[in-house]
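Labels below follow one simple rule: chain letters A, B, ... track the order of the sequence lines, proteins then strands, and each chain is numbered from 1. Every value quoted in this text rests on a predicted model; they were computed, and no experiment measured them.
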Amino acid sequence: MAPVQVTGTVLTIRQVDAYHAMTVVAPGIAERFKAGHFTAVAVGGAETSMLLRRCLSIHDVKPDYGGTVELVFSVQGRGTAWLADRRVRDSLDLVGPLGRPFPLPRDPVHCLLVGSGYGSAPLFPLADALQARGCRVDFILGAPSADRVFGALRARRMGETTTLTTDDGSLGMRGSVTDMLPHVIADSQADVVYACAPMAVLRSVAAVAARHGIPAMVSVEEAMACGIGVCMSCVLPVVGDDGITRLVRSCVDGPVFRGERVRFDDVGTIPFDALGAPGGRLAEAGP
Amino acid sequence: MSPDMRARLAHVELANPVLTASGCAAFGRELSQFFDVSRLGAVVTKSVTLAPRAGRPTPRVAETPSGMLNSVGLQGPGVEAFLRRDLPWLTAHGVPVVVSIAGSSVAEYAELARRVSAESGVAAVEVNLSCPNVEDRGRRFASDAGAASDVVSAVRTHCRFDVPVFAKLSADVTDVVPIAKACVDAGAEGLSMINTILGMAVDVDTMRPSLAGGTGGLSGPAVRPVAVRCIWQVYAALPGVPIIGMGGVATGRDALELILAGACVVSVGTAIFHDPYACIRILRELEELLEQRGVERLSDAIGLAHRALPRHRTEENHL
């Protein structure tokens, strides 16, 4: 369903450890939402000098008040700081839901959900959808420190098993989520891995899943300007069905991709064999 | 009575004067999720190149005060895919199409002009002489009157006779007027201005350039006064030449400012990134502003700021 622009009202805003969680009444977006979608939030108010929306993943939607969406974010600059300063009943301009959601398996398979930092946020509506289909759900959540692991409690409640990791050992196992990945894949007999995390983690997740011969669905976080597919700024090299690498937009062609299709080593570059690369491939395959 | 909003690109009539700016609405499809694109005066396409182009590395955008820098570098599918996939979609949706073309040599521009103008549904061709993000900066045609003139005359020769040619100029020159004149003398029916202005930002946290490409094009309200100045100067020097005005238009008032300075239509660019409905909103606001000012026809407002104030108004000021 097509995205909409809505002026939502802030229902709640609270700090969750190192992050902020905000619930906004946004009916049009809530009713169209599928796990993996994100939303583009205007920041700074009407007369702002900040032109670009901030693209945030949707953590949860609820039917209350005609439909609410919950956003989880960390303060990284002026825009997100402004967002964290919103109070109950403030209005917020949202465009969404945007992007392609996580694809769901047809059969009740075993699913391993991997999240790093606030990348865990979109995994919970995914877990709901998977469990509704009879899938087994296991979690690995990690972060640099305990206050940056998002949703550990909820994961423990929902998951068949939940493995927590921190770089400093302040919660769960010391290390990164990818250190634990091979064991958990084996223990949970995972058929598919879903991951939302920084690019470096996704790269390892995709590599480990490939070694185990199972698909990985990765949700990437690239800097976006428009979120709706017109600006061409959030591109990354992805191999298509025809074997040709293209610079595709993570906002409309993603943010969820098949892990083995993303050329993680080449993110941030223009691979020489990509379609349209300087001195490289100049034509589409086909007749 | 609501004002007559019909606008003209040379001899081509448009239903209204609000267009998308090249590179800010891709090929129209994405915006059609939000509104019917036939409500636009025209869609100006992302610049079409002869071969597919992958563009420049990421990060490609950086936000700056009231503006943004981009270094997308003309990523696009190439003219063949454009003519096969995107142009038919646009014409089927009933919106006039202004095709922006970009080449790295005079021959490439000529070839693009020939292929694009041969298709039906092309209202005009905009010659992008001024993209700041191509690797080969030496060939920024809009920086040099001679080079710009060579490209425009080749495009005019190869374009179908009834498709008007608009040359898109850069504000990054000492004097925009001689280049505008050279383009018109070479056969351009009109001018588009301004393209993004070359800029740069350094991230003080990473202590490196914010964009992978180093420099990028600055757009958004930050550049609007520069756009107004260029349009003003060129309209004053070449009053009969139609100008597609663009540069930081985010509201109806901004659009009117460019029109009063001499633009006959306006393109909306960066504002679309913030508000997918920007074009539709700006058109409505512009219509209201004209009505409030008692302007019956949009065409009456073009270049109005150049005219001296009526005598009684100036006398009032002396009282």
Grab the two heavy atoms, one from [X] and one from [Y], that are nearest each other, plus how far apart they are.
X        : Y       : answer
A:Cys231 : B:Val72 : O-CG2, 3.5 Å
A:Leu52  : B:Glu63 : N-OE2, 2.8 Å
B:Met68  : A:Leu51 : N-CD1, 4.5 Å
A:Ala277 : B:Ala54 : N-CB, 3.8 Å
A:Gly229 : B:Ala26 : O-CB, 4.3 Å

**Request:** Please test B:Leu31 against A:Ile228 for side chain to side chain contact (heavy atoms under 4.5 Å, CB included), starting from the C-alpha separation and ending with a verdict.
**Result:** CA-CA 8 Å; B:Leu31 290 187; A:Ile228 58 172; 4.1 Å; yes

**Message:** Whether the side chain of B:Gln75 engages the backbone of A:Met232 through a donor-acceptor N/O pair (distance < 3.5 Å, no angle test) should be reported.
**Reply:** no

**Asked** Is there a donor-acceptor pair closer than 3.5 Å between any side-chain N or O of A:Arg53 and the backbone N or O of B:His274?
**Response** yes

**Item:** Contact class of B:Thr49 relative to chain A, heavy atoms under 4.5 angstrom
**Value:** neither

**Request:** Identify which part of A:Val235 has an atom lying under 4.5 Å from any heavy atom of chain B, answering side chain, backbone, both or neither.
**Result:** both

**Prompt:** Quick one: does A:Ser233's side chain get under 4.5 Å of B:Asn70's, heavy atoms only?
**Reply:** no

**Residue pair A:Arg249 / B:Glu30, side-chain heavy-atom distance below 4.5 Å** = yes

So which residue, [options], ends up with the most heavy-atom pairs under 4.5 Å with chain A?
options                               : answer
B:Gly220, B:Gly269, B:Gly23, B:Pro276 : B:Pro276
B:Cys24, B:Ala271, B:Ala222, B:Ala250 : B:Cys24
B:Pro57, B:Pro65, B:Pro59             : B:Pro57
B:Pro221, B:Gly78, B:Gly67, B:Ala212  : B:Gly67

**Options A:Gly77, A:Cys234, A:Pro271, A:Gly268, ranked by heavy-atom pairs under 4.5 Å with chain B, top entry** = A:Gly268

**Prompt:** Between A:Val267, A:Val4, A:Leu247, which has the largest tally of heavy atom pairs under 4.5 Å with chain B?
**Reply:** A:Leu247

**Message:** With a sphere of 6.0 Å drawn around CD of A:Glu221, does it hold more than 12 non-hydrogen atoms of other residues, nucleotides or ligands?
**Reply:** no

**Prompt:** Does the salt bridge (charged side-chain N to carboxylate O under 4.0 Å, His left out) test come out yes or no for A:Glu222 and B:Arg60, once each step is laid out?
**Reply:** CA-CA 10 Å; A:Glu222 267 286 340; B:Arg60 288 176 170 182; over 6 Å; no

